[in-house]
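Below is one structure, written out as structure tokens, with a few remarks after it.
This chain uses plain numbering: 1 for the first residue, then up along the sequence.
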Amino acid sequence: MEKDFSHFIMSLTSQLKQPLPGKAAQFKMAPYERIIQAAIKNFTLPFGGKATKPKPSAVLILFYQRKNEICFSLILRNSYKGVHSAQVSFPGGKKELDETLKETALRETEEEIGVKKELIMIIGELSQLYIPPSGFLVQPYVGYVKETPVFSPNPNEVNILIEVPLKLIMDNTIAGKKKIKVGSNNIKINYPFYNILGQTVWGATAMMLSELKEVLNRQTENYQ
């Protein structure tokens, strides 16, 4: 299995160096309203409003082996006063002034799920994604650790750590649409989502997963 994991990482590294699927893949998991917003230049909002200046941030998609499976981790965030409260996401957060976006992804991963940043090898990145409700401009990084990580989720930020087998996101039956509450006014929008181990994964995280899935589909090997 170790040989299979090494082969997977080598192949994925090569694929991430190729032109990325980008918005075409991301928008497969975006609602119609999101596609319209993203088409408006300079981050302007509908009806002539102006969005806040994008806030640079980064997340990390971390691959590892768990027994006989290739996995990556998601987190269910705690409930708090904010637009991403109680949502499933990758470890990550806002960039600090004295660091690069890659350093942000590594720092946030260590702070949120306890994987030491010096153990993580970054192999590439996916397309940036702007999140209108929060104003974050997110850079997703892809990395791995050689050994199965010992997670130590930060209870102040993480409700549940979710270990996702790679084969699960390659299963097309986990994708669907349903009404999801968005914003403080509790408006429901018919959102695309992934059902991952009983958790509803939607919004920016689902859009990143959609692009990752297309990158993985370009590989010739089947890792299920």
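T13 is linked by a side chain to side chain contact (heavy atoms under 4.5 Å, CB included) to I9, K17, I123, counting only residues two or more places apart in sequence or in another chain. Remark: Y144 pairs with no residue by the ring-ring contact (aromatic ring centres under 6.0 Å, His included) rule, at least two apart or across chains. With sequence neighbours left out, K116 forms a side chain to side chain donor-acceptor pair (under 3.5 Å) with no residue at all. Remark: E99 pairs with R107 by the salt bridge (Lys or Arg N to Asp or Glu O under 4.0 Å) rule, at least two apart or across chains. Partners of E112 under the side chain to side chain donor-acceptor pair (under 3.5 Å) rule, at least two apart in sequence or in another chain, are R77. The ring-ring contact (aromatic ring centres under 6.0 Å, His included) test applied to F193 returns no partner, not counting sequence neighbours.
Alongside I113, the hydrophobic cluster contains L60, L62, Y64, I75, L101, L106, V115, L119, I120, I122, Y141, V145, F151, V158, L161 (criterion: ILVMFWY side chains under 4.5 Å). Under the 4.5 angstrom side-chain criterion for Ile, Leu, Val, Met, Phe, Trp and Tyr, V150 has no cluster partners at all.
Scanning all heavy atoms of the two residues, the minimum distance from S127 to G22 falls at OG-CA, 3.3 Å.
The salt bridge (Lys or Arg N to Asp or Glu O under 4.0 Å) contacts involving residues 205-214 comprise K28-E214, where partners must be two or more places apart or lie in separate chains.
Side-chain contact between V138 and S57 is present, with at least one heavy-atom pair separated by less than 4.5 Å. Considering only heavy atoms from C-beta on, F27 stays 4.5 Å or farther from S210 through its side chain.
Formation of a donor-acceptor pair under 3.5 Å by the N78 side chain with backbone atoms of N159 is found in this model. The backbone N or O of Q15 lies less than 3.5 Å from a partner atom in the side chain of R218, making a donor-acceptor pair.
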